[in-house]
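A short worksheet on the structure shown next.
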Amino acid sequence: MPHVYTHSPRPVSGPITFTLDGDKLTVDNGRKVQEVKLSAVETVRMTYEPRSFAQKAFQTRVRLADGKAFTFSSLSWRSLIEAERLDRDYRAFTRALFVAISKANPKARFVGGRPKILWVATAVLATASLVAMAVFMWRALQAGATGAVLMGGLLLAAAIWQLEPMIRLNKPQNFSPDEPPRELLP
């Protein structure tokens with residue numbers, strides 16, 4: 001029985017339907033239908049992709065040997081302001097897709113998180129930004145600017161709240177298709 005997953009990747013786009021049937025995947029975006037042979041898959045990458053302050057989103061990107069790639073997310077947009085989390089469907093579809101890919105191409109690589117250079121750069125910039133905010137708060141406290149300290153504290157808390165999961169969840173790692181990383185599955 002084929003596995004089907006449908007989501008709208010952007011607020012103004014139509015839905016994309018992925019149908020997994022054996023060793024092929026059919027991608028239908030409403031304008032054209034493409035068939036992907038899973039034996040051509042080179043790399044599968046899972047990442048955490050925050051979409052806004054309130055929406056957690058996880059993304060899977062599949063790169064083929066010819067350089068083409070497709071992406072699907074655990075978040076489906078209904079309008080400019082409303083998005084639906086498809087946690088259960090995303091989890092079930094990714095697990096079935098990973099097993100099918102590993103059967104069709106045992107040499108396919110399964111990686112989680114960002115590429116190491118991007119992850120390190122993000123972590124360094126985030127840390128530098130947080131330290132700069134803390135220094136700003138310290139200097140404002142020394143100057144007696146209580147309002148600036150409070151505003152800096154709020155901004156620092158919001159930054160930590162947003163940056164910490166982005167860095168922690170996107171740490172580079174390899175994984176087995178049988179056991180995708182729990183932290184990258186909603």
Side-chain angles (χ1 to χ4, degrees), residues 3-18 25 27 29 41-64 68-98 101 109-137 150-177 179-186:
H3 289 75
V4 178
Y5 183 74
T6 301
H7 80 112
S8 294
R10 290 182 289 287
V12 293
S13 69
I16 298 176
T17 301
F18 299 90
L25 180 72
V27 182
N29 68 3
V41 171
E42 190 173 81
T43 308
V44 176
R45 181 177 297 277
M46 297 179 73
T47 55
Y48 169 72
E49 302 286 336
R51 296 289 183 218
S52 69
F53 277 108
Q55 297 293 343
K56 287 184 175 182
F58 298 89
Q59 182 173 290
T60 298
R61 181 175 182 82
V62 178
R63 180 169 302 282
L64 306 176
K68 293 181 182 177
F70 63 88
T71 304
F72 59 95
S73 172
S74 65
L75 199 62
S76 183
W77 289 92
R78 291 183 175 184
S79 68
L80 287 171
I81 57 172
E82 184 182 7
E84 176 185 13
R85 290 181 59 173
L86 304 173
D87 295 353
R88 182 178 296 130
D89 295 340
Y90 176 82
R91 189 172 33 248
F93 184 75
T94 54
R95 286 181 185 270
L97 179 62
F98 294 171
I101 290 171
R109 289 183 51 230
F110 292 85
V111 293
R114 294 276 184 203
K116 191 168 189 167
I117 187 80
L118 290 177
W119 182 79
V120 168
T122 302
V124 167
L125 287 173
T127 302
S129 298
L130 295 175
V131 168
M133 288 174 128
V135 168
F136 167 78
M137 289 173 52
L150 291 175
M151 182 61 77
L154 287 172
L155 288 173
L156 183 63
I160 290 171
W161 174 54
Q162 288 295 301
L163 293 172
E164 184 275 331
M166 192 180 339
I167 293 167
R168 177 177 45 87
L169 297 175
N170 280 326
K171 186 175 181 179
Q173 61 183 302
N174 292 319
F175 66 89
S176 164
E179 293 184 39
R182 290 178 189 236
E183 64 272 10
L184 293 176
L185 285 172

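For the single chain, residues carry numbers from 1 onward in sequence order.
Applying the ring pair (Phe, Tyr, Trp, His ring centres under 6.0 Å) rule to H3 yields no partners; only residues at least two apart in sequence or on another chain are considered. Residues satisfying the side chain to side chain donor-acceptor pair (under 3.5 Å) test with R63, not counting sequence neighbours, are none.
Side-chain N or O atoms of Y5 include one that pairs as donor or acceptor with a backbone N or O of S73 at under 3.5 Å. Counting only distance, with no hydrogens or angles, the side chain of S76 and the backbone of S8 share a donor-acceptor pair below 3.5 Å. N170 places no side-chain N or O within donor-acceptor distance of the main-chain N or O of T47, the cut-off being under 3.5 Å. Judged by distance alone, the side chain of S74 and the main-chain N or O of F58 form a donor-acceptor pair under 3.5 Å.
To the nearest 0.5 Å, the span separating CG on L130 from CG on L155 amounts to 11.0 Å. One distance of note links CZ of R85 with CG of L75; it measures 8.0 Å at 0.5 Å rounding. Atoms CZ and CG, from R88 and L185 in turn, are 14.0 Å apart once rounded to the nearest 0.5 Å.
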Step-by-step side chain to side chain contact (heavy atoms under 4.5 Å, CB included) determination, E42 to L64 = CA-CA 5 Å; E42 190 173 81; L64 306 176; over 6 Å; no
task = Decide yes or no on side chain to side chain contact (heavy atoms under 4.5 Å, CB included) for L97 and V62, but give the supporting numbers first.
result = CA-CA 10 Å; L97 179 62; V62 178; 4.3 Å; yes
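Ring-plane geometry between F18 and F72 is classed as tilted, the angle between the planes lying from 30 to 60 degrees on a 0 to 90 degree scale. A perpendicular orientation is assigned to the rings of F110 and F98, their planes being inclined by more than 60° (bins at 30° and 60°).
Of all the heavy atoms in K56 and Y48, the pair that sits closest is CG-OH, 3.9 Å. Looking at every heavy atom in both residues, T6 comes nearest to P15 through CG2-CB, 3.8 Å. Among all heavy-atom pairs drawn from G113 and L184, the shortest one is N-CD1, 3.7 Å. Contact record, P181 with M46: CD-SD, 4.1 Å, taken as the closest heavy-atom pair. Here the shortest heavy-atom pairing between P165 and W161 reads CD-O, 3.2 Å. Nearest heavy atom pair, residue A83 against residue W77, reads CB-CE3, 3.6 Å.
Side-chain atoms of I16 and P9, non-hydrogen and from C-beta on, do get closer than 4.5 Å to each other. Put simply, the side chain of L25 reaches to within 4.5 Å of the side chain of F70, judged on heavy atoms. When side chains are defined from C-beta on, D89 does not count as touching H7, because their heavy atoms never get closer than 4.5 Å.
Within the structure, every pair that satisfies the side chain to side chain donor-acceptor pair (under 3.5 Å) test and touches residues 109-134, not counting sequence neighbours, is listed here: E49-R114.
With no hydrogens or angles considered, a side-chain donor-acceptor pair links Y90 and T60 at under 3.5 Å.
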